[in-house]
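Here the structure comes first, spelled out in structure tokens, and everything after it is commentary.
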Amino acid sequence: MGEMKIARYYEEGHRYLVKCNLCPHFCTIGDGKTGKCQVRKNSKGELYAEAYGLVSSMGFDPIEKKPLYHFYPGNDIFSIGSYGCNLKCRFCQNWNISQNIPVDPESRKRFSPEGLVGMAVGKKSNIGIAFTYNEPAVWFEFMLDIAKNSKKKKLKNVMVTNGFINPEPLEELFDYIDAFNVDLKAFSEDFYHTQTLSKLAPVKDNLIRIRRKGKHLEITNLVITGQNDDSGKFREMVKWIAGELGEDTVLHISRYFPVYKMSAPPTSVETLQDFYDIAIEILHYVYMGNISSANGQNTNCPGCGKKVIDRSRYDTWVSGLDSYGKCSKCGYQVLDNI
Ligand code: SF4
């Protein structure tokens with residue numbers, strides 16, 4: 001067994017019990033047990049970050065695939081993930097790494113932050129590192145060590161997250177993470193409770209924190225047949241986004257396909273289009289994901305309506321913006337990071 005990394009954000013209790021304060025579950029964990037995320041383990045009253053250095057997947061992806069459509073469009077980002085998650089979504093697309101933890105993590109190769117950052121700087125079109133695939137919050141210690149290292153190399157750090165993390169660790173991440181894509185899975189506590197075994201309120205609070213901090217923020221909402229496809233609720237969510245986070249907030253509406261424990265039929269393209277039509281009346285930038293149609297992919301200038309970014313699958317052409325991200329016709333600031 002390699003040297004295990006002590007976890008951050010926990011308290012020691014009586015009789016080898018520990019309480020983890022990393023996410024709003026606040027798990028109380030007995031000796032030899034792990035928290036709900038399955039990767040933070042109590043060994044004799046100390047909490048260890050079991051997945052430190054363990055990588056389940058890595059590769060260079062177009063940044064549009066995260067999805068981030070307004071953050072250095074057309075570039076690649078070195079994407080890495082590990083194991084475990086603090087949510088238990090019945091519709092998880094990556095359940096094989098989020099809910100299946102390798103039985104013998106001790107025998108797995110462990111990467112170093114320096115080694116991974118070295119890989120990231122090796123490709124010219126790469127702008128940084130994305131923590132994605134499983135929930136990066138439960139990989140907190142390793143993510144932070146990588147992100148600190150990558151900043152020294154002038155790379156950008158991106159977190160693709162469920163947003164279910166406590167304010168203090170999130171605040172610590174703000175020093176190193178440049179952009180967030182947060183899943184807003186539904187606008188209903190009941191959905192969060194029954195379908196993800198977590199809570200909506202902390203996610204909303206964190207969206208506001210990320211926005212107030214001035215970080216780049218995009219939101220993804222997966223629309224699931226019969227589960228969160230009530231158009232009234234959806235409109236309520238979009239209005240909340242516009243009111244609390246601003247109408248320039250980027251929203252990705254994504255089509256669901258049956259996977260893991262969810263067998264409802266795929267979301268119809270019509271439903272997705274209806275939701276797009278609702279959202280685009282309220283927000284400036286709305287996109288449709290997981291569909292083959294060309295609708296809902298391009299960016300139009302909110303100022304004058306001119307098409308400024310063309311997208312076709314993962315090919316991106318920034319055609320109507322100047323080098324500061326302003327519309328070349330009317331001067332509207334469309335992108336902050338180009
Ligand atoms: S990070 Fe894991 S162990 Fe800690 S509170 Fe959340 S689910 Fe529990």
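All heavy atoms count here, side chains included; hydrogens, waters and symmetry mates do not. Residue numbers run from 1 in the order of the sequence given. Atoms within a ligand are numbered from 1 in the order they appear, just like the ligands themselves.
- Contacts with ligand 1 closer than 4.0 Å are made by no heavy atom of Y10, backbone or side chain.
- Residue-ligand proximity, K36 to ligand 1, at heavy-atom distances under 4.0 Å covers atoms 7 (S), 8 (Fe).
- Among all protein heavy atoms, the one lying closest to atom 1 (S) of ligand 1 is R40 CD, 3.5 Å.
- Near N86, the atoms of ligand 1 lying under 4.0 angstrom from a non-hydrogen atom of the residue are 7 (S).
- When distances to atom 4 (Fe) of ligand 1 are checked against a cut-off of 2.8 Å, C20 contributes an N, O or S atom below that limit.
- Evaluated by nearest non-hydrogen atom to atom 8 (Fe) of ligand 1, the leading choice among C85, C27, G35 is C27.
- Among G84, P24, C37, A7, the residue whose heavy atom sits closest to atom 7 (S) of ligand 1 is C37.
- Taking a cutoff of 4.0 Å between a charged side-chain nitrogen and a carboxylate oxygen, E141 and R8 do not qualify as a salt bridge.
- A salt bridge links D178 with K151: the distance from a Lys NZ or Arg NE/NH1/NH2 to an Asp or Glu carboxylate oxygen falls below 4.0 Å.
- R313 and E64 are not joined by a salt bridge, as no carboxylate oxygen comes within less than 4.0 angstrom of a charged side-chain nitrogen.
- Shown here for N157 and Y176, the closest heavy-atom pair between the two residues is ND2-O, 2.9 Å.
- With a cut-off of 2.8 Å, atom 2 (Fe) of ligand 1 has no N, O or S atom of C23 in range.
- Judged by the 6.0 Å and 45° rule, R311 forms a cation-pi pair with Y287.
- In summary, K239 and E236 do not engage in a salt bridge, as defined by a charged side-chain N under 4.0 Å from a carboxylate O.
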